[in-house]
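Structure first, commentary second.
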Amino acid sequence: MICSEVCRTYTRQWAFHRHVWKSANRTLSSGAETKFPGASIEHGSADKQRSESNLPVHDVAIVGGGMVGMALACSLAKIPLTSHLNIAIIDSNPALQSGQSIEKEAPPDPRVSTVTPATRALFQAFVQTPVKLYIGTIRGHLAMVDEIEKLNFKDYASVITVHLFLLDVGAWKYVEEHRHAYFDRMQVWDYTGLGYTKYHARDVNKEVLGCVVENKVLHKSLLSCLQDSGSQHKLYPLRLSSMHLEPASASSRHGSLAKLELSDGNSLYAKLVVGADGSKSRVKELAGISSSGWKYSQNAVICTVEHMEENRCAWQRFLPNGPIALLPIGDKFSNIVWTMDPEESLNRKSMSEVDFVKEVNRALDNGYGPRPKSQSLGGASPFSWLTAKKAVSAYDCFEIPPKITKLTSERMVFPLSLKHANSYATKRVALIGDAAHTVHPLAGQGVNMGFGDAFSLSNVIAEGIAVGSDIGEVSLLRRYELDRKPANLTMMAILDGFQKAYSVDFGPLNVLRAAAFQGVQNLSPLKRNIISYASGEQRFPLFS
């Protein structure tokens, strides 16, 4: 009975993923325009345009000033081709106005993000890399060439050579002024004790696997970077009430614009509206973009804990009701992300601090089942026949996580779900971050996917400006969707597969999971590919 239920569940999820992929391919290959009315807008800085009613006109209106929305604003401010754009940031969060202070002596906030090396690179110092040369042809197409010398000028009425640069936002220096924690290894195992996997940064010739940063530190760093950029931006500490497109005669002599009505009754116009306003996106709702997905029958309990020694490892153990993760956050603090069924999460939240700490230590050590045995310590793996015999270094031995001594923050509970917008873009609207997709937190990839969206969209906007395109035209925005949707769907499918595989306590499946752990531990090519993919390199984690 259990086996048949598992099969039915997997069949349903596979059918969903297949449907989403086919839908994405149809959308991206058709290139169909939306039914919204409107014409292209003449380019140039929007502060030079005024509507007939004298309302402010912005090039880009970012609805949602959280980490992902702020990353987009910073990226646009740093790229030379977009630095002149007039940006509106619409968010009622008081922290944006007050510039929340961060006390270094206070315990870490429980809301943290794991930043991958790829994302960190985008936050660091400028790295200028030519991407493409775009040439306008007499046929109205765009030809891409590697070198200007390859052009045959007889075939071109005009030549526009554009060097685009992969510019980061330069915000990491602000992060390093506050508490953060790099980790260079990760250990993953489950409660059966049959197998484990250790990942090391040295396996892929890197110094670290990632960095754990408090969300408020990331947000403050991005806000500081934007304020120091000298860009044209204005904060509207309000909520978005309604949004619609108006024809040229009503909004601007230059073409149609999106009109945004705010919660105080005032309005503004924008060439492009970006929904960065989370999973319950108002922009997505007003744009009529639907989503696919489901709610998991799980909640996540997050908090900050303290232990005796400093932690430089990310730990994750799969338990019968969901995984528990212990992530270093600096000094002798770590962050707990514990997934479990909703009823259990309420019990964990309400129990005494002493009892909760005991339960955390039990979940991270030998509660629910035995510890895995390291081969180098004389432990015989039941799956040793799957891999060639080799010497196991002490660095690859199974380690016991640090013992938690006390709870240092409140316990917060969040319901978990998987959602994916069926479209990332329509006329004058684009979605990024949680507005476009939400995932299970078991691998800490959600915010990195959002940052990837932000940097991709900023580069597409720069490309559009370079060739004189309207930055709100759906044909341009589809290029952002084409870049990000396959990568996001792949990551979502992998994370959902892990969630399903480790949410069923069933003997034969437990053995298969343990074999998978042991296989990854002993097969170096597979381990390297998994590390590279999780670090932000867009390669599917299979043998290279």
Side-chain angles (χ1 to χ4, degrees), residues 10 13-14 16-25 27-28 67-68 71 113-122 186 188 197 199 204 209-212 276 278-279 291-296 298 300 314 316 318 322-323 325 327 337 339 416-425 430-457 480-503 516 520 526-544:
Y10 281 18
Q13 306 302 347
W14 167 248
F16 168 80
H17 288 301
R18 186 181 179 192
H19 167 73
V20 172
W21 274 104
K22 285 186 175 181
S23 175
N25 289 333
T27 300
L28 297 175
M67 294 184 292
V68 173
S113 296
T114 303
V115 179
T116 65
T119 299
R120 193 185 103 200
L122 292 169
M186 181 175 184
V188 184
T197 302
Y199 300 100
V204 288
L209 291 178
C211 183
V212 183
S279 59
S291 295
S292 301
W294 52 81
K295 294 181 179 179
Y296 293 115
Q298 291 179 322
Q316 187 167 55
F318 288 92
L327 306 173
V337 182
T339 302
L416 304 180
S417 64
L418 180 146
K419 284 187 179 181
H420 187 260
N422 294 330
S423 175
Y424 288 9
L431 303 178
I432 61 175
D434 283 357
H437 43 73
T438 58
V439 297
H440 197 285
L442 64 86
Q445 291 293 330
V447 73
N448 294 287
M449 293 166 64
F451 286 141
D453 295 344
F455 293 120
S456 173
L457 180 58
Y480 152 68
E481 183 172 349
L482 180 62
D483 178 46
R484 291 302 301 164
K485 182 175 275 190
N488 289 336
L489 279 170
T490 301
M491 179 61 75
M492 293 176 75
I494 291 172
L495 296 179
D496 185 62
F498 267 99
Q499 191 277 334
K500 295 295 184 295
Y502 288 93
S503 62
V520 173
L526 178 58
K527 183 186 288 189
R528 285 195 299 269
N529 274 265
I530 290 174
I531 296 173
S532 296
Y533 186 80
S535 298
E537 298 178 11
Q538 295 302 316
R539 291 186 301 161
F540 197 78
L542 295 175
F543 295 98
S544 57

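Here the structure is a predicted model, which means the values were calculated and not measured.
Judged purely by distance below 3.5 Å, without hydrogens or angles, the side chains of D434 and S279 never pair a donor atom with an acceptor atom. Side chain to side chain, S291 and N422 fail the donor-acceptor criterion of an N or O pair below 3.5 Å.
The OG atom of S456 sits 13.0 Å away from the NZ atom of K485 when rounded to the nearest 0.5 Å. Atoms OG1 and CG, from T114 and L327 in turn, are 5.0 Å apart once rounded to the nearest 0.5 Å. Summarising the geometry, atom OG1 belonging to T116 is positioned 12.0 Å from atom CE belonging to M449; distances are rounded to the nearest 0.5 Å. Rounding to the nearest 0.5 Å gives a distance of 10.0 Å between CG of L431 and CG of L457.
Across all non-hydrogen atoms, the minimal contact from V188 to Y199 is CG2-CE1, 4.0 Å. Residues S113 and V447 approach most closely at CB-CG1, 3.6 Å, considering heavy atoms. In this structure, A71 and F455 approach most closely via the heavy-atom pair O-CE2, 4.4 Å.
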Criterion side-chain contact (heavy atoms from CB on, under 4.5 Å) on K419 and H437, from CA distance to verdict: CA-CA 5 Å; K419 284 187 179 181; H437 43 73; over 6 Å; no
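Note on residues 446-457: pairs passing salt bridge (Lys or Arg N to Asp or Glu O under 4.0 Å), not counting sequence neighbours, are D453-R484.
Between Y296 and W294, the ring planes lie perpendicular to each other; the angle is over 60°, past the 30° to 60° tilted range.
Residues L416 and K295 fail the side-chain proximity criterion, which asks for heavy atoms closer than 4.5 Å. Contact annotation: the side chain of V439 never approaches that of M491 to less than 4.5 Å [non-hydrogen atoms, C-beta and beyond]. Put simply, the side chain of H440 does not reach to within 4.5 Å of the side chain of D496, judged on heavy atoms.
Within the 3.5 Å criterion, the main-chain N or O of P486 finds a donor-acceptor partner in the side chain of T490. A donor-acceptor pair under 3.5 Å is absent between the side-chain atoms of Y424 and the main chain of L482, judged by distance alone. At least one donor-acceptor pair closer than 3.5 Å links the side chain of S423 to the backbone N or O of A425.
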